[in-house]
Structures are given as C-alpha cells and as structure tokens.
Colleague: 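The structure under discussion is supplied below as structure tokens; questions concerning it will follow.
Since the structure is predicted, the reported quantities are computational estimates derived from the model, not experimental observations.
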Amino acid sequence: MIEVDPRSEVPIYQQIRDRIVEAIARGELRPEDSLASVRQLAGMFGINSATVAKAYDALRQDGLIRTNHKSGSVIARGPGQDASQSFVDDWQDRARTLLSEAIAQGLSDAEVMDHIAGIVAKILQAQYANARANVEGAP
C-alpha cells in the first residue's frame, strides 16, 4: 500500500512516484503487476486525479511502468534487468548531488557510507523476503 504525507514538503505526486519505485526495488511490485487506476488512487487519497497522473507520467518516462488504455498501468521492469547507460549516467549525477548534500549538511564520509550500506541492506532484505514469499506462495 502506498502512503503519502500531505504535510510533507515533498509534492504528493513525487511521494507516489517514490513509493512505487521503492516497492519495485523491494520486489513488492514485479513486472506485469497492475497498478490502481489514476481515479482509484486519487479517490483513496482524496486528491486530484491530475496529481496521480503526474506521478504515473514520471514513472512512464523512467520506463518503470507502461499504460494501455484497456488494461491500465502495469509495472514494466524490475530488479535484475539491465539499465540503460543514459539511466546510469543520470542516476550517478543525482547520487553525486544527494551525497554532496549530506556532506555539506555535516555528515562525515563514514556516516554517509554507513547510511548507504544500511539502505542497501534493507532493500536487499526486502527483495529476498519478497522473492521467498513468491516462491512459497507459488502453486
């Protein structure tokens, strides 16, 4: 389930996009899994449909979902698939800025590395748990 915080400084469309990306990374959403329709998700959160559409558009531009007017939006890719070089280049630029922000705000190099290692470990643990659950739940 996606959760958003309407009091956050992060725009709601960005929160929705980020939560879906995180669910894909954890293996909770896999290729071909369906997403709620724009109207359904907007109704769940009591927000404008355009906000959800903006989140889905961002995910489509990233190549993470695809939308068919008959079948709706589905996950297009997930962990273990090759990333394009243009994605890698862009991601490295964004990571460089994010890590620089942490250092500029006073985190030491060691603290930054510890935080990164912790985040990666949590994602990998979730992937493993979800993969195991999918295997155990398979017919």
Colleague: Would you say V120 ends up clustered with L107 if hydrophobic residues are merged whenever their side chains have heavy atoms under 4.5 Å apart, either directly or through other cluster members?
Modeller: yes
Colleague: Would the number of heavy atoms belonging to other residues, nucleotides or ligands and lying under 6.0 Å from CG of D93 be above 12?
Modeller: yes
Colleague: Look at the side chain of E111 and the backbone N and O of S108, then say whether any donor-acceptor pair between them is shorter than 3.5 Å.
Modeller: yes
Colleague: Contact between L35 and V74 at the side-chain level, heavy atoms closer than 4.5 Å - yes or no?
Modeller: no
Colleague: Can you tell me if CD on E3 sees more than 12 non-hydrogen neighbours from other groups inside 6.0 Å?
Modeller: no
Colleague: Give, for atom CD1 of I2 and atom CD1 of I16, the distance between the pair rounded to the nearest 0.5 Å.
Modeller: 6.5 Å
Colleague: Hey, quick one: are L29 and I123 part of the same hydrophobic cluster, counting side-chain heavy atoms closer than 4.5 Å, chains of contacts allowed?
Modeller: no
Colleague: Do V52 and I47 have side chains that get closer than 4.5 Å, going by heavy atoms?
Modeller: yes
Colleague: To the nearest 0.5 Å, tell me how far T51 OG1 sits from N48 CG.
Modeller: 5.0 Å
Colleague: I need the minimum non-hydrogen distance between Y56 and V38, along with the two atoms involved.
Modeller: CD2-CG2, 3.8 Å
Colleague: In terms of heavy-atom contacts, does CD of Q105 have more than 12 from other residues, nucleotides or ligands at under 6.0 Å?
Modeller: no
Colleague: I need the minimum non-hydrogen distance between P31 and G78, along with the two atoms involved.
Modeller: CG-N, 3.9 Å
Colleague: Side-chain contact, heavy-atom cut-off 4.5 Å: F45 with I12?
Modeller: no
Colleague: Would you say that more than 12 heavy atoms from the other residues, nucleotides or ligands in this model lie under 6.0 Å from the CE of M44, or not?
Modeller: yes
Colleague: If you measure from the Lys or Arg side-chain nitrogens to the Asp or Glu carboxylate oxygens, is any gap between K54 and D57 under 4.0 Å?
Modeller: no
Colleague: Measure the spacing between CD1 of I20 and CG of D62 and express it to the nearest 0.5 Å.
Modeller: 11.5 Å
Colleague: Report yes or no: does E22 contribute a side-chain atom to a donor-acceptor pair with the main-chain N or O of R19 at less than 3.5 Å?
Modeller: no
Colleague: Report yes or no: do I75 and L41 belong to one cluster of Ile/Leu/Val/Met/Phe/Trp/Tyr joined by side chain heavy-atom distances under 4.5 Å?
Modeller: yes
Colleague: Quick one: pull up CG in L99 and NE2 in H115 and give me the separation to the nearest 0.5 Å.
Modeller: 11.5 Å
Colleague: Is E32 salt-bridged to R66, cutoff N-O under 4.0 Å?
Modeller: yes
Colleague: In the single-linkage hydrophobic clustering (I, L, V, M, F, W, Y; side-chain heavy atoms under 4.5 Å), do L98 and M113 co-cluster?
Modeller: no
Colleague: May I ask you to test the Q85-V88 pair for a side-chain heavy-atom distance under 4.5 Å?
Modeller: yes
Colleague: Near R132 CZ, under 6.0 Å, is it more than 12 heavy atoms from other residues, nucleotides or ligands?
Modeller: no
Colleague: Any idea which heavy atoms bring N68 and K70 closest together, and the distance?
Modeller: OD1-N, 2.6 Å
Colleague: Can you name the nearest heavy-atom pair linking G27 to N130, along with the distance?
Modeller: O-CB, 3.7 Å
Colleague: Does I116 belong to the same Ile/Leu/Val/Met/Phe/Trp/Tyr cluster as I103, with side-chain heavy atoms less than 4.5 Å apart forming each link?
Modeller: yes
Colleague: So, for D82 and R77, which heavy atoms are closest and what is the spacing to 0.1 Å?
Modeller: O-NH2, 2.6 Å
Colleague: What are the two closest heavy atoms between P79 and A25, and how far apart are they?
Modeller: CG-O, 3.8 Å
Colleague: Using modelled atom types and a 3.5 Å cut-off, is there a donor and acceptor pairing between side-chain atoms of D33 and backbone atoms of R30?
Modeller: yes
Colleague: Please answer whether the main-chain N or O of R7 pairs with a side-chain N or O of D5 as donor and acceptor at a distance below 3.5 Å.
Modeller: yes
Colleague: Can a donor-acceptor pair be found between the side chains of T67 and R60 at a distance below 3.5 Å?
Modeller: yes
